[in-house]
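Here is the naming used below: chain letters follow the sequence lines, and residue numbers restart at 1 for every chain.
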Protein chains: 2
Amino acid sequence: MKDPLDTAYLETLLGYNARRAALTIIARFMERMAPFDLRPVDFSVLSLIRHNPGVTSRQLCNELNILPPNMVVFLKTFEKRQLIQRKPHPTDGRATGLSLTAEGETLMQAAEACAMQSDLSVVERLSAAEQKTLTRLLKKIYQTDSV
Amino acid sequence: MKDPLDTAYLETLLGYNARRAALTIIARFMERMAPFDLRPVDFSVLSLIRHNPGVTSRQLCNELNILPPNMVVFLKTFEKRQLIQRKPHPTDGRATGLSLTAEGETLMQAAEACAMQSDLSVVERLSAAEQKTLTRLLKKIYQTDSV
DNA sequence: TATTGTTATACTCTATAACTATA
DNA sequence: TATAGTTATAGAGTATAACAATA
């Protein structure tokens with residue numbers, strides 16, 4: 001019973017490599033983000049709200065591929081934690097504009113700095129040029145896909 | 001209500017880009033693999049069995065980060081589909097050696113060819129050099145992590 | 001005592017149907 | 001009629017506890 005399995009074939013597959021790399025990056029992210037009690041999806045939602053004050057729930061859903069019923073739960077939790085506030089939308093009576101509270105702003109400022117550090121810790125063995133290249137190629141994958 | 005949200009910050013994060021790229025690749029993979037009725041995890045398990053005949057359930061779990069109780073369900077399904085067979089392990093009475101049936105071999109031969117085509121369709125806008133670089137950098141991410 | 005494989009079950013995440021209020 | 005937000009719920013995916021058989 002040889003324990004180091006032959007994974008040579010799987011390693012030729014882009015999907016296998018991309019998934020394992022993404023899992024590595026996300027695992028590191030979760031470790032570091034634990035003190036903030038933010039999962040990756042929480043971070044993404046709150047960061048989008050931070051950089052798009054007044055954004056609606058539906059816009060967040062479209063951008064992050066989250067279904068509206070699930071977003072409701074996230075936003076409810078953020079509101080209980082007093083990280084976000086809701087204001088009536090200026091022109092659309094159905095919608096609600098979301099923004100960070102002062103508390104949310106303080107948290108996300110620290111969390112975004114933490115996220116950057118997390119990234120750096122993962123790619124520290126890549127040269128600066130390799131890091132730029134990796135980001136560029138990853139973007140090329142998902143941006144050219146929707147064409 | 002501006003619909004194209006400002007995602008500039010998120011796009012600076014490696015995790016965000018890696019996750020989106022991985023989702024793109026996996027979505028394409030699932031589309032193409034649908035005729036074989038194989039999810040990514042099914043493909044990974046069957047491919048490992050194919051290239052490691054006699055492998056045990058526990059070894060597959062270790063390699064793919066799948067918990068034993070969940071693997072039981074997968075293997076049960078494969079057995080019902082007559083894709084794999086179980087033989088008593090030659091030296092360990094507790095364990096079972098797994099291998100593909102002729103039917104499984106036929107299926108996986110086609111599925112692996114399909115997987116390669118799926119990859120190619122995703123990276124077709126990358127030059128050959130870029131493709132090699134991307135794979136190399138992705139491996140560097142998850143292989144250097146465990147050091 | 002530790003490990004393989006297994007059952008049963010709990011928990012989390014994601015998806016669907018249907019409703020209300022407004023456009 | 002279509003859309004934003006919501007509720008309730010179903011389903012898929014993942015995790016924990018405990019067991020029998022073997023090492």
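- Applying the salt bridge (charged side-chain N to carboxylate O under 4.0 Å, His left out) rule to pairs touching residues 44-60 of chain B yields R50(B)-E105(B), R50(B)-E112(B), sequence neighbours excluded.
- Contact check for R125(B) versus I141(A): no side-chain heavy atoms found under the 4.5 Å cut-off.
- When rounded to the nearest whole Å, the span between NE2 of H89(A) and P of dA4(D) equals 10 Å.
- If you take NZ of K76(A) and P of dA4(D), they are 19 Å apart, rounded to a whole angstrom.
- Looking only at distances, a side-chain donor or acceptor of N52(A) sits under 3.5 Å from a matching main-chain atom of L48(A).
- L98(A) places its CG atom 12 Å from the C1' atom of dA4(D), with the value rounded to the nearest Å.
- One finds a side-chain N or O of R86(A) lying less than 4.0 angstrom from the OP1 or OP2 phosphate oxygen of dT6(D).
- Nearest to the side-chain atoms of A95(A) among the listed nucleotides dG5(C), dA4(D), dT6(C) stands dA4(D).
- Atom CE of M71(A) is surrounded by more than 12 heavy atoms from other residues, nucleotides or ligands within 6.0 Å.
- Here dT6(C) presents its C1' atom at 14 Å from CE of M71(B), a figure rounded to the nearest Å.
- Between the side chain of S118(B) and the backbone N or O of C114(B), no donor-acceptor pair lies under 3.5 Å.
- The pair K140(B)-E130(A) meets the salt-bridge criterion, since a charged nitrogen lies less than 4.0 angstrom from a carboxylate oxygen.
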N/O-N/O pairs, protein side and nucleotides 12-17 of chain C side, under 3.5 Å:
from, atom 1, to, atom 2, distance (Å)
dC13(C), OP1, R39(A), NH1, 3.3
dC13(C), OP2, R39(A), NH1, 3.3
dA15(C), N7, N70(A), OD1, 3.3
dA15(C), N7, N70(A), ND2, 3.2
dA15(C), N6, N70(A), OD1, 3.2

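- Using bins of under 30°, 30° to 60° and over 60° for the plane-to-plane angle, the ring pair F29(B)/F43(B) lands in the perpendicular bin.
- Taking atom CZ of residue R58(B) and atom C1' of nucleotide dT4(C), one finds them 6 Å apart after rounding to whole Å.
- In this structure, L75(A) places its CG atom 15 Å from P of dA4(D), rounding to the nearest Å.
- Taking atom CD1 of I66(B) as the reference point, atom C1' of dT4(C) lies 16 Å away to the nearest angstrom.
- Within the 3.5 Å criterion, the main-chain N or O of L83(A) finds a donor-acceptor partner in the side chain of T101(A).
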Sort me out a list of protein N/O and nucleotides 20-23 of chain C N/O pairs below 3.5 Å, or just none if empty.
from, atom 1, to, atom 2, distance (Å)
dA23(C), OP1, G93(A), N, 2.8

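- At least one donor-acceptor pair closer than 3.5 Å links the side chain of N17(A) to the backbone N or O of L13(A).
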